[in-house]
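Worksheet: one structure, shown below.
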Amino acid sequence: MSLPQQTTILIVGAGPCGMATALSLNHQGIHDIVIVDALLAGENSSRALVIQAATLEALNDIGCLDDLLSIGDKPDTLDIHHGSSRLISIDFSLLAPHTKFPFTLVIPQTNTEAVMLGKLDQLGIKVFRPFKVVSVKPSESVEEGMFEVRFASGEMIKTKYVVGADGAHSAVRNEAGVSFKDPDGDEKQDYGNLSQLVLGDVTFTSPPQIPTKTLGTFSHGNFSLFAQFPDKASPDPTCTVYRVVSSVPVEDGTAPQAPSAEYLQALLDRYGPPALSSDPAVNAHPTRIDRLYWSSRYRTRSAIVDRYFTLNPNGGGAILLLGDAAHIHSPVGGQGMSLGIRDAISLGPVLKAHIDSRDSTSSSKHFEEWGAIRRRYAITVIAMTKEALGMMTASRRVWAPLLMVGFSVLRFLGRFRFMKQMVAYRISGLADI
Ligand SMILES: Cc1cc2nc3c(=O)[nH]c(=O)nc-3n(C[C@H](O)[C@H](O)[C@H](O)COP(=O)(O)OP(=O)(O)OC[C@H]3O[C@@H](n4cnc5c(N)ncnc54)[C@H](O)[C@@H]3O)c2cc1C
C-alpha cells in the first residue's frame with residue numbers, strides 16, 4: 001500500500017494509543033489522517049492485562065467498548081495478601097456511584113489491539129506498514145506551515161500535525177528534542193527486588209487452589225501477581241491460562257529476556273502465594289507451571305516528557321506526544337496502557353478545536369491545557385506507582401517487627417469500606433476525568 005504524499009494528521013505508531021488516537025479523531029469527524037507503524041504486523045504479546053474504569057468510560061465515549069466488554073472478564077475485587085493472609089480486598093464495585101463500569105476489565109493487550117484494529121478497518125482507516133519514521137522536520141517552504149516526515153524506506157509525507165504514539169523509545173520525541181526523564185530527578189531509580197519483573201502466560205499441572213481470579217502477594221520484600229485469563233481471550237481455548245508476574249531478587253542478577261517455566265516456577269516457590277507452590281511441604285495441593293505461552297522481563301523505570309507538544313516554528317500545526325512516548329513507569333497497578341489510551345482519546349477534541357480555529361496563536365492554548373492536564377495525571381500515576389513500589393520494598397529499609405505492625409494496621413484499615421473505596425478510586429483513574 002503506497003503512502004499518501006500529504007495529510008492533515010500523521011499518527012506514528014499503531015499500538016493501543018496510536019489506534020485510540022485515530023478512533024478519537026474519527027469520532028470528532030476528522031478523516032484526513034494517516035497512521036503508520038514500523039512493524040509489518042502488530043505485536044502479538046499479551047503485555048497489559050487490565051483496563052481501568054476511567055479508560056472504559058473514555059473508550060465508551062468513542063464507541064469502542066462493547067467488543068472489549070464481550071471478550072474480557074470483569075472481576076470486581078483484587079485481593080492483596082502478605083504470605084497467605086489477606087491484607088486488603090480492593091473492591092471495585094464500590095466505584096458504582098462514580099462510573100457505569102465498576103470493575104477492572106481483564107483483557108490481554110493483544111485482544112485490545114485486535115478490537116481497535118477491527119474497528120479502524122470497519123471505518124476504512126488502514127494502518128500503513130512497515131513505515132519507520134526516522135526524521136521529523138518543519139517543511140522547507142516556510143509558508144506551508146507543515147512538517148516533512150521521512151521514513152527508513154526513503155518515502156516522505158507532509159503533514160500539519162504529527163502525533164508521536166511510537167512507544168518508550170519514541171523517534172518522534174527525539175526528533176522534537178523533548179527530554180524524557182524521571183520527574184523527581186531520581187535517575188538511579190533503585191527499587192531493589194522490584195527493579196525487575198518477570199511475566200509469563202502459563203497453565204498449571206492442576207488448577208491452583210485460589211478462590212479469586214486475581215491475587216497480589218507480598219513476601220520477603222518481593223511481590224507476585226496471579227491473574228486468570230478470560231476464557232474468550234485465552235491463548236489456548238482448550239484450557240485455563242494464567243498470567244503470573246514476579247519480582248526478581250537483586251541477588252539473582254539479570255533475569256533472562258524470555259524466562260523459562262522453570263525460572264518462573266522457582267520464583268513462585270520462593271515468593272508466590274502458597275497455592276502456586278510445587279512444594280508439598282508448603283502446598284497441600286502442589287502444582288507447577290505446565291505450559292508457557294509467552295514470557296518476558298520488564299525493567300522498572302519512570303520517565304516523563306518535559307512537554308507534550310511542540311509547535312511548528314513556522315506556524316500551523318504541532319508535534320504531540322502521548323502514551324509510552326510521553327510517560328513510562330512500573331506496570332504495578334496496571335496503569336500504563338490505560339493512561340495512554342486516555343491521553344489519546346482526550347486529544348481528539350483538542351486537535352479538532354485547533355484545526356477549526358482561525359487564530360492558531362490563541363488555539364495553542366488548547367494544546368497547553370491538554371498537555372498540562374495530561375502531564376499532571378501522568379505525574380500522579382508515576383507517584384502512585386513509586387508509592388506502591390516503596391511499600392513493596394519496605395522490608396529492605398524498615399525493621400521487621402515495625403513492618404509487621406504496618407501490615408497489621410493495613411489489615412485493620414482494609415476492613416473499612418472507605419479504605420477499599422479510596423484504593424479502588426485511585427487505581428481506577430476516575431479522578432482524571
Ligand atoms: C513486557 C511488558 C509488560 C507490560 N505489562 C503491562 C501491564 O501489565 N500493565 C500495563 O498497563 N502496561 C504494561 N505494559 C506497558 C504497555 O504495554 C504499554 O503501556 C502500552 O503498550 C503503550 O502503548 P503505546 O501505544 O503508547 O506504545 P506501544 O504499545 O509501544 O506501541 C508503539 C508502536 O509504535 C511503533 N513504532 C515505534 N517506533 C516507530 C517508528 N520510528 N516509526 C513508526 N512506528 C514506530 C511500534 O512498532 C509500536 O507498534 C507492558 C509492557 C511490556 C513491554
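Because the structure is a prediction, the values reported are computed rather than measured.
- Between Leu215 atom CG and Leu78 atom CG the span is 8.0 Å, to the nearest 0.5 Å.
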Could you walk me through whether Val198 and Leu264 satisfy the side chain to side chain contact (heavy atoms under 4.5 Å, CB included) test, starting with their C-alpha distance in whole Å, then the side-chain angles of each, then the deciding distance to 0.1 Å, before giving a yes or no? CA-CA 8 Å; Val198 286; Leu264 293 168; 3.7 Å; yes
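- For Asp231, the CG atom counts as loosely surrounded, since its 6.0 Å shell holds 12 or fewer non-hydrogen atoms of other residues, nucleotides or ligands.
- For the atom pair CD1 of Ile35 and CG of Leu23, the computed distance is 8.0 Å after rounding to the nearest 0.5 Å.
- Checked by atom type, the side-chain pair Asp91/Ser93 shows a donor-acceptor distance below 3.5 Å.
- Contact check on Asp184 versus Lys386 returns a salt bridge, with a Lys/Arg side-chain nitrogen under 4.0 Å from an Asp/Glu carboxylate oxygen.
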Salt bridge (charged side-chain N to carboxylate O under 4.0 Å, His left out), that's the test. Do Glu113 and Arg47 meet it? Break it down for me. CA-CA 11 Å; Glu113 292 187 14; Arg47 294 172 291 158; 3.2 Å; yes
Using the ring pair (Phe, Tyr, Trp, His ring centres under 6.0 Å) rule, take His81 and Phe218 through it: C-alpha gap first, then chi angles, then the decisive distance, then the call. CA-CA 6 Å; His81 282 199; Phe218 291 105; over 10 Å; no
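- A donor-acceptor pair under 3.5 Å links the side-chain atoms of Thr203 to the main chain of Arg291, judged by distance alone.
- For Arg297 (side chain) and Ala255 (main-chain N/O), a donor-acceptor pair under 3.5 Å exists by modelled atom type.
- Residue Ser89 is tested with Thr212, Ile80, Asp79 for a side-chain contact (heavy atoms from CB on, under 4.5 Å); the sole match is Asp79.
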Cut-off 3.5 Å, no hydrogens considered: what does the side-chain donor-acceptor table look like for residues 125-133, sequence neighbours left out?
{"unit_1": "Lys126", "atom_1": "NZ", "unit_2": "Asp121", "atom_2": "OD1", "d": "2.9"}
{"unit_1": "Arg129", "atom_1": "NH1", "unit_2": "Leu39", "atom_2": "O", "d": "3.0"}

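- Between the side chains of Thr238 and Asp236, at least one donor-acceptor pair of N or O atoms lies under 3.5 Å.
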Please determine whether side chain to side chain contact (heavy atoms under 4.5 Å, CB included) holds for the pair Val248 and Tyr263, giving the CA-CA distance in whole Å, both sets of side-chain angles, and the decisive distance to 0.1 Å. CA-CA 10 Å; Val248 179; Tyr263 186 95; 3.5 Å; yes
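- Closest of all the heavy-atom pairs between His220 and Asn193 is O-ND2, 4.3 Å.
- The main-chain N or O of Pro249 is never found under 3.5 Å from a side-chain atom of Arg270 such that the two would form a donor-acceptor pair.
- A donor-acceptor pair under 3.5 Å links the side-chain atoms of Ser247 to the main chain of Phe223, judged by distance alone.
- Taking the ring pair (Phe, Tyr, Trp, His ring centres under 6.0 Å) definition, one finds that Phe204 meets it with Tyr242, sequence neighbours left out.
- Judged by distance alone, with hydrogens and angles left aside, the side-chain atoms of Thr99 form no donor-acceptor pair with the main-chain N or O of Ala53 at under 3.5 Å.
- Atom CD1 of Ile345 is separated from atom CG of Asp61 by 7.5 Å, given to the nearest 0.5 angstrom.
- Between the side chain of Gln52 and the main chain of Gly334, a donor-acceptor pair closer than 3.5 Å is present.
- Checking Arg342 against Thr55 by side-chain atom types alone, a donor-acceptor pair falls below 3.5 Å.
- Each of Val172, Ile319, Thr310 was scored for a side-chain contact (heavy atoms from CB on, under 4.5 Å) with Val178, with one residue passing: Thr310.
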Would Val244 and Leu225 count as a side chain to side chain contact (heavy atoms under 4.5 Å, CB included) here? Give the steps. CA-CA 6 Å; Val244 290; Leu225 183 79; over 6 Å; no
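- Heavy atoms only, all atoms of each residue included: Ala22 and Leu120 are closest at CB-CD2, 3.8 Å.
- Ion pairing between a basic and an acidic side chain is recognised when a charged N comes within 4.0 Å of a carboxylate O; Glu175 and Arg150 show no such pairing.
- Annotation: ring pair (Phe, Tyr, Trp, His ring centres under 6.0 Å) contacts of Trp370 (sequence neighbours excluded): Tyr308.
- Partners of His27 by ring pair (Phe, Tyr, Trp, His ring centres under 6.0 Å), not counting sequence neighbours: none found.
- Two rings, from Phe180 and His327, have their centers 6.0 Å or more apart.
- With rounding to the nearest 0.5 Å, the separation of OG1 in Thr104 from NZ in Lys74 is 11.0 Å.
- Judged by distance alone, the side chain of Ser170 and the main-chain N or O of Asp166 form no donor-acceptor pair under 3.5 Å.
- Considering only heavy atoms from C-beta on, Leu320 comes within 4.5 Å of Leu351 through its side chain.
- Side-chain atoms of Thr300 come within 3.5 Å of backbone N or O of Leu194 as a donor-acceptor pair.
- A donor-acceptor pair is defined here as one N or O able to donate and one able to accept, closer than 3.5 Å; such a pair exists between the side chain of Asp269 and the backbone of Ser278.
- Counting non-hydrogen atoms of other residues, nucleotides and ligands closer than 6.0 Å to CZ of Arg307 gives a total above 12.
- For Asp66, the side-chain contact (heavy atoms from CB on, under 4.5 Å) criterion is met by no residue, not counting sequence neighbours.
- Ionic pairing of Lys213 and Asp73 is present here: one or more N-O contacts between side-chain nitrogen and carboxylate oxygen are shorter than 4.0 angstrom.
- The distance from the CD1 atom of Ile382 to the CD1 atom of Ile304 is 4.5 Å, given to the nearest 0.5 Å.
- Partners of Phe309 under the ring pair (Phe, Tyr, Trp, His ring centres under 6.0 Å) rule, at least two apart in sequence or in another chain, are Phe367.
- Taken from OG in Ser46 to CD in Gln109, the straight-line distance is 8.5 Å, to the nearest 0.5 Å.
- Between the side chain of Ser295 and the main chain of Pro259, a donor-acceptor pair closer than 3.5 Å is present.
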